[in-house]
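Let me begin by presenting the structure, written as structure tokens, before commenting on it.
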Amino acid sequence: MADLVDSMLDLMRRLPPTRTEENVNALIGVCPDYADDLLGSVDQPLQVRTDRLTGREYLACDYNRDGESFRSPWSNEYDPPLEDGTVPLPKLRKLEISANEVFDTYREMYFEGGVSSVYLWDLEDGGFAGVVLLKKTMTPATPQEPSGSWDSIHVFETAERGRQAHYKLTSTIMLQLITKKGSEGDNADGDKKNGEKKGPESWKRDGEVTLSGSMTRQTEQDWPIHDASSHITNTGKMIEEMEIKMRNLLQEVYFGKTRDIVYDLRSVDDLEKTRRQRELQKELLGSFKR
Amino acid sequence: MDSRIGAACSFILQSPPGEINDVLNDVRNIISDDETLEEGVLPALKEYNLAQFTTVDVPGTEHQVRASLSIISEAARLPTSENGEERWLDPRSKTSFGFNHLTLEASDPQPFEPDADAEEFRYVSNNIFLTFDDETATRSSLEKASLTYLLAHFHDGVASVFSKQGAQNQYLLQIVANKYNPSNYWSGRWRSEYLVNLNENTVEGKILVNIHYYEQGNVQLSTNHTISITLPSAVVTSPPSSAALKILALIETEEGKYQTSLNDTYHEMSEKTFKGLRRALPMTRQKLDWDKVLGYKLGAELSSSKGAFSTS
């Protein structure tokens, strides 16, 4: 029933991104047998958790989950503790430790805050796969200040081919921005400046603007490898390039595209006036031709 | 209630503009029990249509405006008749009709004559006797002014003006504008509603905008904005036709201001929030030197494990 999963994913692509968690849970309630398919293919906002051993924050998602427990990249321990939780083989764990250190620097350079986590796992065919997670939240000091959150999920798979490695990267960025506004006053704004009172007209305005969503992009590339740590620099370069590209894309869609559509619905300028002017021009042009 | 139906209803109510059928198809596939579903989700479909100001082409009515459509909303709902049938009002053509919330089709149009009881004189707070005819005149003046406003500012808009049921001298102006562009993966809806209360001399309004962009993603803009205006006495004491024009001029100013203020909000979100979340490039204005970062990290790890040669 791949068809059913397709319908679930199509539905998730249409419903408000602000309610993803609630809707995924509702879908799991309807089709409990498909819980793993859903959790594995619908990106949800990353949860920040604290490693009980090191006190460091890490990110929880489906990739570091085993049952109800999540593994911390810093201590390699599951919380709640698991006797036989899945962990990477020692060689891969060593790479995972380095990757976490390196991407923590990346996080500081670009996000100047937030949390990062890298998880790696062995693949059956001998290669390995991993996920690089980054999250930053801006909490406003006052309700009038804008708030927002950025969640990056970069999933990659790699296969070594001699001195080359082939990488497949799927990146999803979830971005949410919220602004609340409220104002109150007498008369029109222009009148206030002149200090004139023009009558008893007064107004009050309140509102909220929410821009939220996610975008996903994929790329496949080959890079040379010298030793195991080459995988970190290679995926690092790919992810950096991808985030720069996607940041531009998000900027275009969030602040350009959605705004343009608002203007496709309503025009600030008087459309009738424009229409009349155009007709007048046509008439004038016509009289010249005659 | 079947919890599956509860989930289905919740999904339907969250449908983005113009995508109710896509959502419904997905839900049908997921529930795969059409019989239970169709009956179960009907209340949700109705709630969605009312809240979203769903537009309908009422057969036999011909409005002059290019959008010859009627709005389905709470204000358009007529008191349920004895046989339990629900009917809706197109105030412009004074037509009542039945409406199917699943197929979104109107049926059985009938000329609508307002309640005769309302024809008696009414006593209104500001010591003016208002007749039923006055109220009709005010409503149609507001309707005329609304349609002029609609043509001036909306590309594909529909507007309806209703006399508020069970209240005197109160009118509901509703506007909806939709644009659906599935081949380019976007859709949008603008809704505004104003309660013009000529007893209190106020206009209470709200504007709701929903945009969905879903090319290789799912991005949604959702805004809500409420306005309350106290009408100057010069407006209230004018004859209906000029009062209506003045009220619509105030609404035009408010909606224009709101749309312009959205630009400022966009600017602020882009310049403050977006940039604050993630920089375009690091402070160094250069991409990371990955080999150097890796080398440094590995070096730091080695020296810390040896305990000696600490760099700090």
Side-chain angles (χ1 to χ4, degrees), chain A residues 4 7-8 10-11 13-17 26 29-31 98 101-102 105-106 109-111 136 138 146 148 150 177 179 199-216 229 232-233 236-237 240 247 253-255 257-259 261-262 264-268 270-272, chain B residues 3-4 7 10-11 14 16 19 22-23 26 29-30 151-155 177 179 186 188 190 209 211 213-214 216-230 232-233 256 259-260 262 265-266 268-270 272-274 276-280 282 287-288 290-291 293-294 297-298:
Chain A
L4 184 65
S7 292
M8 288 181 174
D10 185 77
L11 186 65
R13 203 165 55 110
R14 298 183 188 278
L15 300 183
V30 174
C31 307
S98 306
E101 292 298 323
V102 171
T105 303
Y106 173 83
M109 300 285 270
Y110 279 98
F111 293 85
K136 186 174 175 188
M138 276 171 84
W150 174 301
L177 307 162
T179 302
E201 183 203 341
S202 64
W203 51 262
K204 200 177 155 206
R205 306 183 187 108
D206 267 306
E208 189 173 313
V209 177
T210 307
L211 266 168
S212 69
S214 69
M215 304 204 80
T216 302
S229 70
I232 299 176
T233 49
K237 285 171 195 164
E240 182 178 34
R247 188 182 182 276
V253 169
Y254 274 63
F255 308 115
K257 197 71 206 171
T258 65
R259 183 194 162 280
I261 300 171
V262 175
D264 273 340
L265 294 169
R266 189 187 185 279
S267 159
V268 174
D270 191 327
L271 294 165
E272 281 292 296
Chain B
S3 71
R4 295 178 308 162
S10 154
F11 297 148
Q14 298 175 55
E19 293 171 48
D22 304 281
V23 168
D26 290 336
N29 231 348
I30 293 163
L151 283 179
H153 290 284
F154 290 89
H155 294 279
K179 282 249 170 153
W186 62 259
W190 175 298
V209 184
I211 307 289
Y213 182 85
Y214 51 104
Q216 289 185 68
N218 175 5
V219 176
Q220 305 200 6
L221 165 74
S222 146
T223 80
N224 66 68
H225 182 75
T226 57
I227 305 163
S228 98
I229 316 168
T230 308
S233 53
Q259 204 176 340
T260 317
L262 261 185
T265 308
Y266 268 110
E268 192 179 66
M269 282 180 162
S270 165
K272 279 193 196 155
T273 328
F274 187 62
L277 284 171
R278 189 191 183 277
R279 304 179 61 95
K287 289 196 213 164
L288 248 67
W290 288 89
D291 293 308
V293 174
L294 181 74
K297 287 292 172 193
L298 287 181

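Just so it is clear: chains get the letters A, B, ... in the order the sequence lines come, proteins before strands, and each one is counted from 1.
- For chain A, the nearby part of V209(B) is the side chain; its heavy atoms alone come within less than 4.5 Å.
- The part of E268(B) that comes within reach of chain A is its side chain, from C-beta onward, which places non-hydrogen atoms under 4.5 angstrom from that chain.
- Contact of F11(B) with chain A is made through backbone and side chain together, with heavy-atom distances under 4.5 Å.
- Interatomic distance, S214(A) OG to Q216(B) CD, rounded to the nearest 0.5 Å: 11.5 Å.
- Considering every non-hydrogen atom in both G188(B) and I261(A), the closest pair reads CA-CG2, 4.2 Å.
- Between the CD atom of Q259(B) and the CZ atom of R266(A) there is a distance of 5.0 Å, given to the nearest 0.5 Å.
- Going from atom CH2 of W290(B) over to atom CD1 of I232(A) covers 9.5 Å, rounded to the nearest 0.5 Å.
- Within the 4.5 angstrom heavy-atom criterion, only side-chain atoms of V253(A), from C-beta onward, approach chain B.
- Contact tally against chain A (heavy-atom pairs below 4.5 Å) for K272(B), H225(B), E19(B): the top residue is H225(B).
- Shown here for L15(A) and Q14(B), the closest heavy-atom pair between the two residues is CD2-CB, 3.9 Å.
- The environment of NZ in K179(B) is crowded: more than 12 heavy-atom neighbours from other residues, nucleotides or ligands sit within 6.0 Å.
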Under the side chain to side chain contact (heavy atoms under 4.5 Å, CB included) criterion, do D26(B) and R14(A) qualify, and how do the steps go? CA-CA 10 Å; D26(B) 290 336; R14(A) 298 183 188 278; 4.2 Å; yes
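- S267(A) and H155(B) make their closest contact through CB-NE2, 3.9 Å (heavy atoms, listed as atom of the first residue, atom of the second, distance).
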Side chain to side chain contact (heavy atoms under 4.5 Å, CB included) between Y106(A) and V293(B): does it pass, once the steps are laid out? CA-CA 9 Å; Y106(A) 173 83; V293(B) 174; over 6 Å; no
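- Most heavy-atom pairs under 4.5 Å with chain B, from the set L265(A), T233(A), D270(A), T210(A): that is L265(A).
- Separating the CG atom in L177(A) from the CZ atom in F274(B) is a distance of 8.0 Å, to the nearest 0.5 Å.
- With rounding to the nearest 0.5 Å, the separation of NZ in K204(A) from OG1 in T230(B) is 10.5 Å.
- The candidate with the highest count of non-hydrogen atom pairs below 4.5 Å against chain B, out of P16(A), G207(A), G29(A), is P16(A).
- With a 4.5 Å cut-off on side-chain heavy atoms, L11(A) and N29(B) do not count as touching.
- Listed here is the closest heavy atom pair of Y110(A) and K287(B): OH-CA, 4.0 Å.
- Taking the six-membered ring for Trp and thresholds of 30 and 60 degrees, Y266(B) and F255(A) have ring planes more than 60 degrees apart, a perpendicular arrangement.
- M269(B) and V209(A) make their closest contact through CE-O, 3.4 Å (heavy atoms, listed as atom of the first residue, atom of the second, distance).
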